[in-house]
Number of protein chains: 2
Amino acid sequence: METEKRAKIRDVAAHAGVSVGTVSRVLAGNPAVKHGPLLRVKAAIEELGYRPNQVARALRSNRINVIGLLIPDILNPYFAQLANELERIAADAGYALILSSSHNDPKREARQLVAVLEQKPVAIIFVPTSEKLAADVPAPTRALSIDRPALGYAAITVDQRQGAAVALDHLVALGHRRIAYFAGPDNTINARERLDGFLNRAEEISATGTALSIDVHPGDFDFQSGEQIARDLLQKPRGERVTAIAAASDQQAIGAIRAARDLGLAVPTDLSVVGFDDITLASLIVPRLTTVQQPVGEMAETAVRAVLAFDASLESQEFLARLIVRDSTAPCPAEEPDRA
Amino acid sequence: METEKRAKIRDVAAHAGVSVGTVSRVLAGNPAVKHGPLLRVKAAIEELGYRPNQVARALRSNRINVIGLLIPDILNPYFAQLANELERIAADAGYALILSSSHNDPKREARQLVAVLEQKPVAIIFVPTSEKLAADVPAPTRALSIDRPALGYAAITVDQRQGAAVALDHLVALGHRRIAYFAGPDNTINARERLDGFLNRAEEISATGTALSIDVHPGDFDFQSGEQIARDLLQKPRGERVTAIAAASDQQAIGAIRAARDLGLAVPTDLSVVGFDDITLASLIVPRLTTVQQPVGEMAETAVRAVLAFDASLESQEFLARLIVRDSTAPCPAEEPDRA
DNA sequence: CTGTTAGCGCATTCAC
DNA sequence: GTGAATGCGCTAACAG
């Protein structure tokens with residue numbers, strides 16, 4: 001009923017009694033078409049259920065109406081969320097998304113990038129595994145990095161240092177002084193930035209006279225890493241133990257909460273935990289996780305709009321992270337909290 | 001250095017001293033090319049760094065070298081895993097993947113399906129939200145459903161009834177007699193099948209003289225649903241309580257474990273829990289989750305191979321689920337377990 | 001076995 | 001303001 005025999009542009013032209021050129025102009029929204037033919041063409045399109053052949057159109061422009069997306073790993077909930085938002089927004093704008101995972105392998109990243117570019121998408125949005133992208137994106141394809149910067153490309157990022165600082169501020173305001181920081185892998189710039197931001201802020205606070213003791217524990221972004229570090233760390237007797245943990249990712253934080261519970265420590269009564277990212281799971285676990293939210297939705301929207309604004313140049317934009325206070329943080333049990 | 005000026009097929013032909021037809025034949029692996037020209041063409045391709053223009057190629061065949069993937073929700077870990085496997089396998093076979101989410105909305109599913117089909121992918125693999133697909137997939141595009149059947153299409157599925165039965169068998173073998181089943185949403189066929197399979201097996205077992213008490217609790221597949229049902233259920237005093245829970249999804253099972261722990265019940269000592277799916281998280285939580293594994297990797301491989309075997313017709317295939325025994329199940333505390 | 005050539009469906013010059 | 005003609009890069013059908 002809906003799909004007849006796949007009308008093509010010249011069927012529409014014949015049906016409307018005009019030439020294909022005119023139909024094409026109508027399709028392009030070219031205002032130089034008189035009212036009469038315009039209406040007839042529109043009617044013909046409607047009547048025949050005509051849909052322009054995207055593939056043929058692509059040959060002319062040497063570009064397909066698709067946005068490429070290259071991420072490290074779709075199993076990482078943060079990237080899944082990013083992909084989800086990008087897909088939704090791109091779809092609403094009439095663009096499909098080509099998904100490609102590098103699986104954190106730079107060689108694979110290079111191959112995947114080339115493979116995606118070969119499809120000639122109008123744009124590509126990527127989360128680079130390193131700051132130097134494996135292959136260049138040739139000119140007509142608009143390229144934008146997201147989540148992490150890449151040399152030579154505009155980037156949609158979050159101020160990681162500020163985000164980490166906000167997490168520390170929150171814990172300090174609750175009265176915590178002995179705090180552990182669970183760092184992410186040293187080879188990702190975001191992990192390094194978060195750590196730097198955290199330590200910098202700690203110094204600033206110390207300089208104002210509030211003595212702080214910060215333990216840094218290097219690890220990975222994943223669940224297991226957080227659990228393992230916490231398991232070791234929380235064995236210590238109460239007096240020597242940290243009263244709060246700030247993690248470089250929600251997954252780490254969730255792992256830490258799990259470990260704490262196994263050791264009989266109540267979160268947040270005995271131990272406060274703050275995460276980073278605000279993945280979906282963060283608000284589902286018990287206790288609901290206090291975390292530093294990266295505005296994934298806004299970032300995705302900005303990214304898609306930017307790459308689709310073909311007449312504007314691509315510019316970098318940095319977002320601010322935002323503290324989301326939920327149930328995994330509470331005043332320090334030992335000392336009186338500063339009620340800020 | 002790598003990308004010159006985008007050589008095209010006639011540049012290669014000129015460089016090799018042959019015609020474009022010969023180059024095309026070499027590209028297609030047509031054996032009717034003599035050794036001499038073959039080598040010269042290959043050398044020319046190499047030297048010029050020639051890569052066929054996928055878009056132009058697509059215009060001829062009216063098909064792009066891409067596989068469409070339509071799933072309900074990439075944030076669901078099970079579908080994320082499916083997408084991950086499909087992407088990896090398709091990429092290795094030289095095909096990109098267009099990702100599209102219906103967000104469990106049939107209207108959106110219909111729109112997304114049409115949008116993806118408009119790109120003219122060689123094939124589309126989909127997880128239908130209902131058994132009646134919203135729009136037809138026209139002939140040249142190969143269509144295959146996965147995870148759930150769709151009327152009129154070949155399907156790659158798992159025997160849900162058998163999977164549920166295996167879970168029950170495991171619990172019964174451990175000596176459990178009072179068992180709760182957490183069902184999935186009634187409007188998905190897999191949830192209904194799992195429930196049926198579970199109850200059928202329970203009847204079979206009862207018929208052999210082993211008295212079983214099965215509580216069915218309807219819910220959703222997600223984490224929260226499992227947690228909430230378990231929270232209500234496990235309030236009962238020890239004697240009246242079930243000793244084991246079988247869930248229709250790993251997310252439910254993980255939620256149930258969380259609730260049990262909050263109520264002071266040890267898993268698996270006081271309560272055994274078995275999940276369904278074997279998502280990545282299942283082997284990461286503590287205790288590691290005993291679950292019914294759906295062979296996602298094999299299914300994905302089978303699906304991709306099938307849609308890319310252009311000369312073979314698409315056929316349905318049903319896989320068997322497999323019990324993965326980990327740490328969330330143990331002999332029933334009250335009774336002596338049957339050591340099977 | 002290989003060269004030549006006609007489109008694939010559309011957008012975009014040019015004429016008119 | 002509109003129509004006719006050209007070509008995007010490639011594949012396949014046909015000739016040789």
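Chain naming here is simple, since letters A, B, ... match the order of the sequence lines and numbering starts at 1 in each. For the numbers below, each heavy atom of this structure counts, side chains included, while hydrogens, waters and symmetry mates do not. Please read these numbers as outputs of a predicted model, since none were measured by experiment.
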Rounded to the nearest angstrom, tell me the gap between atom [atom1] in [X] and atom [atom2] in [N].
| X | N | atom1 | atom2 | result |
| --- | --- | --- | --- | --- |
| A:Arg10 | C:dC10 | CZ | P | 8 Å |
| B:Leu38 | C:dC1 | CG | C1' | 13 Å |
| B:Ile64 | C:dG9 | CD1 | P | 16 Å |

Close residues, residues 50-61 of chain A, relative to DNA chain C [heavy-atom separation under 4.0 Å]: A:Tyr50, A:Pro52, A:Asn53, A:Ala56, A:Arg57, A:Arg60
Angle of first-five versus last-five pair axes in the helix from C:dC1-D:dG16 to C:dC16-D:dG1, to 10 degrees: 40°
Dump the pairs, protein N or O against N or O of nucleotides 14-16 of chain C, anything under 3.5 Å, distances to one decimal.
none

Phosphate contact (C:dG3 OP1 or OP2) by B:Thr22 side-chain N/O below 4.0 Å: yes
A:Tyr78 vs A:Phe221, ring pair (Phe, Tyr, Trp, His ring centres under 6.0 Å): CA-CA, chis, key distance, verdict: CA-CA 11 Å; A:Tyr78 177 70; A:Phe221 279 133; 9.1 Å; no
With A:Gln293 via side chain to side chain donor-acceptor pair (under 3.5 Å) - residues at least two apart: A:Asp278, A:Arg322
Sugar-phosphate, base or nothing in reach of A:Val23, heavy atoms under 4.0 Å: nothing
Identify every side-chain donor-acceptor pair in residues 31-41 of chain B under 3.5 Å, counting partners at least two apart or on other chains, and give the distances.
{"from": "B:Arg40", "atom 1": "NH1", "to": "B:Ala16", "atom 2": "O", "distance (Å)": "2.8"}

Interface limits on DNA chain D, where chain A has a heavy atom under 4.0 Å of a nucleotide atom: D:dG1 to D:dC8
